[in-house]
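What follows is a short report on a single structure.
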2 protein chains.
Amino acid sequence: MPVPSPPSAKLSVDPTAMPDGGKAADVQAADVQAADLTWLLNRAAARMRGELDAVARGHGLAGVRDWIVLTALGVEGGRTQLQLGRELGVDKTTLTSLLDRLEGDELVVRRLDLRDRRARIPEVTEAGRRLQTRIAVARDEAEARLLAAFSPDERRLLRVLLTRLADSTAASGPCL
Amino acid sequence: MPVPSPPSAKLSVDPTAMPDGGKAADVQAADVQAADLTWLLNRAAARMRGELDAVARGHGLAGVRDWIVLTALGVEGGRTQLQLGRELGVDKTTLTSLLDRLEGDELVVRRLDLRDRRARIPEVTEAGRRLQTRIAVARDEAEARLLAAFSPDERRLLRVLLTRLADSTAASGPCL
DNA sequence: CGGATACCGTCCGGGGCAGGACGTTCCCAT
DNA sequence: ATGGGAACGTCCTGCCCCGGACGGTATCCG
């Protein structure tokens, strides 16, 4: 048995079988219905996360979270730590230690807000930006590798569905 | 901003908008392409997990994991702790403490294997079975609630895609 | 029959993460 | 002006989780 099977489900569908053409996967078997969605989601997330974690570590970071933070800062700066944490779903205390490490590696700097002397505004350094772009490439490769069995349509579809699912009124638990 | 946005992505697609008809969601915008898949996966998984955790806790369990274990045991017994752990992606030590608690609550018993006196074979008690079925109902309700915006086809499709993604040669990181 | 090796489950130690309390600063009302 | 309440970030603490070491057992091989 190559893969652990989700509880309460015996999938007769071969998950690795690619539905050939460029069309999105046809829903072919009702058995899938029985699978536990929570299980599948966590499993898939864990898998991808592990893969990306390895990538990040290979480039000197501690994990994906570092890279996520770096990217978020690169896209749009000027946010306080708390704002950043809320947006990323990371606890403020966790973000503190995380930034401590990143700052120690000269990848970010905490500029203090001139308007509000309580707040520190994290900012990516040039080195951080370089590292970020370098990892982005590796990430794309890794993702492509994991999505090798997916047609372009399926990839987009997966993103759409996940986006809709991830969206929610209350950002319940922490993520990442 | 109701929802934290993934880094390196501005989704112009309204994720809550249901593509009306019963057909699967049309891939409507290329912007989605930019989103980080790892982020989406973890976000979605965290959300669903949080929801299901609450359900489990409401029924006296500590979290989803308890319920997962209970279900797995109910579906097929006779496995040793190590086998079970491997199949579920749970570390053996974690499974030990987990079973300790469940056993304390009289939901499972550790029967010792007659063939191999090293091994303990966890088994669901009648009470555990009752609890399991009770939670299964609540889980279905919760999942249905989370998937309210999805058409039946989309739900099946999501399962198919996730299954294919979760499947992998190496079960890398722990899940759940 | 006896020793060596591999294996199952448990216990212990280290590390990471989140919640609560605290110091500092801001904002607003009086 | 000034005092009270709220907010931002950090430190401290407790919890959970995994990796490694240990006792007990099975299996293999001489």
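Numbers restart at 1 for each chain; the letters A, B, ... are given by sequence-line order, proteins then strands. Computed over heavy atoms, backbone and side chain alike; hydrogens, waters and symmetry mates excluded.
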Rounded distance in Å - CG (A/Leu112) to P (D/dT10): 11 Å
Backbone N/O of A/Ala72 and side chain of A/Arg79: donor-acceptor pair under 3.5 Å: yes
Residues forming a side chain to side chain donor-acceptor pair (under 3.5 Å) with B/Glu141, sequence neighbours excluded: none
B/Thr80 side chain to B/Ile121 backbone, donor-acceptor under 3.5 Å: no
Nearest-angstrom distance from the residue atom CZ of A/Arg111 to C1' of D/dC8: 16 Å
Sorted by number, the residues of residues 99-110 of chain B with heavy-atom contact under 4.0 Å to DNA chain C: B/Arg110
Nucleotide D/dC16, atom P - distance to CG of B/Asp53 in whole Å: 13 Å
Length of the CG-P vector between B/Asp113 and D/dT27, whole Å: 10 Å
Sugar-phosphate only, base, or nothing, as touched by A/Thr80 at under 4.0 Å among non-hydrogen atoms: sugar-phosphate
OP1 or OP2 of D/dG9 under 4.0 Å from side-chain N/O of A/Thr96: no
Gap between atoms CD and C1', on B/Gln81 and C/dT10 respectively (whole Å): 9 Å
salt_bridge(B/Arg159, B/Glu143) N-O dist < 4.0 Å: yes
Distance, rounded to the nearest Å, where B/Asn42 contributes CG and C/dC17 contributes P: 13 Å
Footprint string (nucleotides 21-27 of chain C, 5' to 3'): B base within contact, S backbone only, - free, heavy atoms under 4.0 Å: B---BS-
B/Thr93 and B/Asp91: CA distance, side-chain angles, deciding distance, side chain to side chain donor-acceptor pair (under 3.5 Å) verdict: CA-CA 5 Å; B/Thr93 69; B/Asp91 193 77; 2.7 Å; yes
Rounded distance (Å) that lies between atom C1' of D/dC15 and atom CG of B/Leu98: 15 Å
Per-pair distances, 0.1 Å, donor-acceptor, side chain in residues 53-64 of chain B, under 3.5 Å, sequence neighbours excluded:
unit_1	atom_1	unit_2	atom_2	d
B/Asp53	OD1	B/Val64	N	2.6
B/Arg57	NH1	B/Ala62	O	3.2

For B/Arg115, all residues meeting side chain to side chain contact (heavy atoms under 4.5 Å, CB included), sequence neighbours excluded: B/Asp113
Salt bridge (charged side-chain N to carboxylate O under 4.0 Å, His left out) contacts in which one or both residues fall within residues 120-132 of chain B, not counting sequence neighbours: B/Arg111-B/Glu123
Euclidean distance, atom CG of residue B/Asp91 to atom C1' of C/dC11 [Å, nearest integer]: 13 Å
Minimum side-chain heavy-atom gap B/Arg86-B/Lys92 below 4.5 Å: no
B/Gln83 side chain near C/dC8 phosphate (N/O to OP1/OP2, under 4.0 Å): no
